[in-house]
Student: 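Here it is, the structure, as structure tokens.
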There are 2 protein chains.
Amino acid sequence: MDLEHIELTDRIYSRVKKMIFDQELLPGQKLLQEKLSAQLGVSRTPLLKALHRLESEMLVESKPRRGLFVKQMSVEEIIDIFHVRAVIEGLSARLAAAHVQNEHITFLRQLFQPFRDQHPIDYTEYEKADRQFHNSIMLYSGNKIIARLEMLSNLHLQAFQAGLLRPPEETIDEHFNIIKALAAGDGQQAEQFMRNHIDKSREALQNA
Amino acid sequence: MDLEHIELTDRIYSRVKKMIFDQELLPGQKLLQEKLSAQLGVSRTPLLKALHRLESEMLVESKPRRGLFVKQMSVEEIIDIFHVRAVIEGLSARLAAAHVQNEHITFLRQLFQPFRDQHPIDYTEYEKADRQFHNSIMLYSGNKIIARLEMLSNLHLQAFQAGLLRPPEETIDEHFNIIKALAAGDGQQAEQFMRNHIDKSREALQNA
DNA sequence: AGCATGAATTTTGAATTCAAAATTCGCCGC
DNA sequence: GCGGCGAATTTTGAATTCAAAATTCATGCT
């Protein structure tokens with residue numbers, strides 16, 4: 001019984017995901033299966049499995065009989081995602097408040113500490129911290145279904161790169177307020193703060 | 001250019017999904033790829049693609065090197081799902097209130113009309129109406145991401161069959177109240193009613 | 001030159017084949 | 001009779017092959 005074995009598909013999945021996040025594969029680009037699988041040194045079978053998984057995470061899009069493409073998000077879709085994020089992450093914050101640990105709070109604080117007096121703020125670094133912040137709270141919720149939806153908070157990359165989102169200067173305090181509510185174990189307030197935080201970003205997007 | 005063509009995988013996907021809902025394939029049961037694909041008259045390739053799609057919808061579970069199984073939900077997981085449903089469907093109701101059509105309202109009302117003075121209520125029929133009600137409102141939200149999460153409201157089947165949920169007599173009025181709020185275009189209230197409705201079912205589940 | 005037609009090439013979707021891991025089954029000792 | 005051991009069988013994960021559809025390319029026509 002070989003429980004250690006890591007599936008080829010899983011490794012390919014991670015590599016392709018990274019390629020998309022690193023912009024080695026660009027939004028809208030067609031994914032030539034033969035070429036990509038050759039590049040990765042595997043057959044089309046595990047590559048396809050990985051790509052279908054990414055499709056379910058909305059990073060890849062399939063056009064039947066046409067091929068698979070790196071998903072290109074429209075502003076409308078990003079707005080839809082933000083609506084969903086607001087309520088899902090609001091719920092996460094509420095649930096997390098009930099059983100968050102001290103180490104968790106410390107970790108969340110430390111994520112944004114470097115930017116408190118950094119001028120100008122390194123947007124790319126801040127964006128990474130932001131992603132970690134949101135992903136962590138979803139994990140701390142302890143809800144397994146939310147864990148599956150984590151990808152929702154990884155999808156606004158394009159909007160961020162296009163400069164469509166609010167600048168760090170505007171959001172950093174909101175993050176600390178959420179952390180405060182979590183630390184106080186106040187689920188209602190944590191939920192409210194998180195929802196407002198994400199809703200404001202959506203509104204910025206809608207007015208852009 | 002053959003746009004009409006329906007992929008084999010898609011047909012297999014629908015058939016297997018139906019088999020699961022119809023309990024031809026039982027929760028926890030192992031899915032023997034060779035046998036199932038033979039039954040369906042296809043090779044393992046399109047069957048596997050379909051099963052992986054169902055996996056992303058949480059109807060099927062994969063245990064690496066062990067095989068694919070019809071997913072068996074634990075009560076904890078169902079509770080997690082209800083937490084998520086409450087906020088997602090609450091959001092759906094709020095968004096739907098903004099642009100719901102008269103025909104939609106009529107359709108929703110007509111779903112529950114038969115049960116108003118039916119005694120005793122046919123639980124199986126009511127469950128179908130309930131599913132349609134929730135799915136419809138998610139569609140009326142107009143949010144494409146919510147449409148992708150529709151499956152969440154199709155997953156409590158087991159809980160229902162186990163008699164763990166609230167009886168129709170208790171929920172029918174809640175449904176009509178939601179419809180009223182939608183008809184009035186009151187998004188806030190529609191959201192509140194929907195959240196309460198689903199949260200109450202979750203609480204019933206937690207106390208069972 | 002620009003466009004339409006159709007042949008050549010590429011690429012996808014599906015079936016088949018193959019190797020490695022897991023499961024089953026029968027044998028043996030106790 | 002029961003439990004463990006190992007060979008036979010089954011099943012999975014991955015590669016390869018094959019057919020059908022889509023795309024590209026070349027040719028000839030206006």
Side-chain angles (χ1 to χ4, degrees), chain A residues 1-20 24-72 148, chain B residues 1-20 24-72 148:
Chain A
M1 195 146 74
D2 176 9
L3 293 174
E4 301 309 307
H5 182 76
I6 297 165
E7 302 267 335
L8 194 45
T9 298
D10 295 343
R11 298 205 302 271
I12 297 299
Y13 162 82
S14 302
R15 286 180 65 184
V16 176
K17 189 169 180 172
K18 184 161 161 35
M19 286 170 85
I20 293 174
E24 285 173 59
L25 298 169
L26 297 166
Q29 183 181 339
K30 176 165 186 180
L31 298 163
L32 290 186
Q33 303 170 10
E34 205 62 61
K35 179 178 277 188
L36 233 192
S37 60
Q39 261 180 42
L40 297 169
V42 296
S43 78
R44 280 169 60 211
T45 313
L47 171 66
L48 268 174
K49 230 174 120 183
L51 292 178
H52 289 306
R53 193 134 110 231
L54 291 166
E55 191 193 351
S56 80
E57 295 182 12
M58 292 191 284
L59 285 171
V60 161
E61 185 173 23
S62 156
K63 302 185 185 176
R65 284 259 160 229
R66 287 258 128 58
L68 292 150
F69 301 78
V70 179
K71 182 144 174 66
Q72 175 121 46
R148 290 187 81 122
Chain B
M1 194 144 76
D2 178 8
L3 292 174
E4 301 308 308
H5 183 78
I6 298 165
E7 301 268 333
L8 195 43
T9 298
D10 295 344
R11 297 204 303 272
I12 297 299
Y13 161 83
S14 301
R15 286 180 65 184
V16 176
K17 189 168 180 173
K18 184 164 162 32
M19 286 170 86
I20 293 175
E24 286 173 59
L25 299 170
L26 296 166
Q29 183 181 337
K30 178 165 184 180
L31 298 164
L32 291 185
Q33 302 170 11
E34 205 62 62
K35 180 178 277 188
L36 233 192
S37 60
Q39 263 180 40
L40 298 169
V42 297
S43 78
R44 280 169 59 212
T45 313
L47 171 66
L48 268 174
K49 229 174 119 182
L51 291 178
H52 289 305
R53 193 134 111 231
L54 290 166
E55 192 193 351
S56 80
E57 294 182 11
M58 293 189 283
L59 284 172
V60 160
E61 185 173 23
S62 157
K63 301 184 185 177
R65 284 257 158 232
R66 288 256 127 58
L68 292 151
F69 301 77
V70 179
K71 182 142 175 68
Q72 174 122 45
R148 290 186 80 123

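Below, all heavy atoms of this structure are taken into account, side chains as well, without hydrogens, waters or symmetry copies. Bear in mind that the values here come from a model prediction, so they are computed numbers and not experimental data.
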Student: Would you say A:Gln33 reaches C:dT11's phosphate, i.e. side-chain N/O to OP1/OP2 under 4.0 Å?
Tutor: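 For C:dT11, OP1/OP2 do not have a side-chain N/O of A:Gln33 under 4.0 Å.
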Student: Of the options C:dA15, D:dT12, C:dT12, whose atoms approach the side-chain atoms of B:Glu34 most closely?
Tutor: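 Nearest to the side chain of B:Glu34 among the choices is D:dT12.
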Student: Which whole-number value in Å describes the distance from A:Lys63 NZ to D:dA21 C1'?
Tutor: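 One finds 17 Å between C1' of D:dA21 and NZ of A:Lys63, rounded.
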Student: Indicate, with a heavy-atom threshold strictly under 4.0 Å, whether A:Ile12 touches base, sugar-phosphate, or nothing.
Tutor: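 The residue A:Ile12 makes no contact with any strand.
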Student: Here's a test of your reading of the structure: between A:Lys30 and A:Lys49, which maps to the more 5' nucleotide of DNA chain D?
Tutor: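 The residue mapped nearer the 5' terminus is A:Lys49.
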Student: Select one nucleotide: of C:dA14, C:dG13, D:dG13, the one nearest the side-chain heavy atoms of A:Arg65.
Tutor: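 Closest of the options to the side chain of A:Arg65: C:dG13.
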Student: Does A:Arg44 have a side-chain nitrogen or oxygen under 4.0 Å from the phosphate oxygens OP1 or OP2 of C:dG13?
Tutor: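 It does not, given that no N or O in the side chain of A:Arg44 lies less than 4.0 Å from OP1 or OP2 of C:dG13.
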Student: Find the distance between CE (A:Met58) and NZ (A:Lys71) and round it off to the nearest 0.5 Å.
Tutor: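 Separation between the atoms: 8.0 Å.
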Student: OP1, OP2 of D:dA14 versus side-chain N and O of A:Thr45: anything below 4.0 Å?
Tutor: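 No, no such contact exists.
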Student: For A:Val60, which of A:Ile20, A:Val70, A:Leu25 qualifies under side chain to side chain contact (heavy atoms under 4.5 Å, CB included)?
Tutor: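 So, applying the side chain to side chain contact (heavy atoms under 4.5 Å, CB included) to A:Val60 and each of A:Ile20, A:Val70, A:Leu25, only A:Ile20 qualifies.
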Student: Any base atoms under 4.0 Å from B:Leu48, or only sugar-phosphate, or nothing? Heavy atoms, all strands.
Tutor: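 Nothing, no nucleic acid heavy atom in range.
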Student: Test A:Tyr13 against every option in A:Glu57, A:Arg53, A:Lys18, A:Lys49 by the side chain to side chain donor-acceptor pair (under 3.5 Å) rule and name the one that passes.
Tutor: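 Running side chain to side chain donor-acceptor pair (under 3.5 Å) over A:Glu57, A:Arg53, A:Lys18, A:Lys49 with A:Tyr13 returns exactly one hit, A:Glu57.
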Student: What is the distance, rounded to the nearest whole Å, between atom CG of A:Leu8 and atom P of C:dA20?
Tutor: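 The distance from CG of A:Leu8 to P of C:dA20 comes to 14 Å, rounded to the nearest Å.
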Student: Yes or no on side chain to side chain contact (heavy atoms under 4.5 Å, CB included) for B:Val16 and B:Leu59, after CA distance, side-chain angles and deciding distance?
Tutor: CA-CA 10 Å; B:Val16 176; B:Leu59 284 172; over 6 Å; no
Student: Whole angstrom is fine here: how far is it from NZ in B:Lys35 over to P in C:dT23?
Tutor: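 Nearest whole value for this atom pair: 16 Å.
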Student: Can you tell me if A:Lys30 uses its side chain to pair, donor with acceptor, with the backbone of A:Arg66 under 3.5 Å?
Tutor: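 Here the side-chain-to-backbone pair exists.
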Student: To the side chain of A:Ser43, which of D:dT16, C:dT12, C:dA14 is closest?
Tutor: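 Output: D:dT16.
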Student: Starting from P on D:dA14, measure out to CG on A:Leu47 and report it in whole angstrom.
Tutor: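 Going from A:Leu47 (CG) to D:dA14 (P), I get 12 Å.
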Student: Quickly work out the B:Leu68 CG to C:dA22 C1' distance and round it to whole Å.
Tutor: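 Interatomic distance, CG of B:Leu68 to C1' of C:dA22: 15 Å.
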Student: Using whole Å, report how far NE2 of A:His52 lies from C1' of D:dA14.
Tutor: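 Distance check: A:His52 NE2 to D:dA14 C1' gives 15 Å.
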Student: Quickly work out the A:Asp10 CG to D:dA14 P distance and round it to whole Å.
Tutor: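 A:Asp10 atom CG is separated from D:dA14 atom P by 8 Å.
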Student: Closer than 4.0 Å, any side-chain N/O of A:Arg66 to the OP1 or OP2 of D:dT23?
Tutor: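 For A:Arg66, the contact criterion (side-chain N or O under 4.0 Å from OP1 or OP2 of D:dT23) is met.
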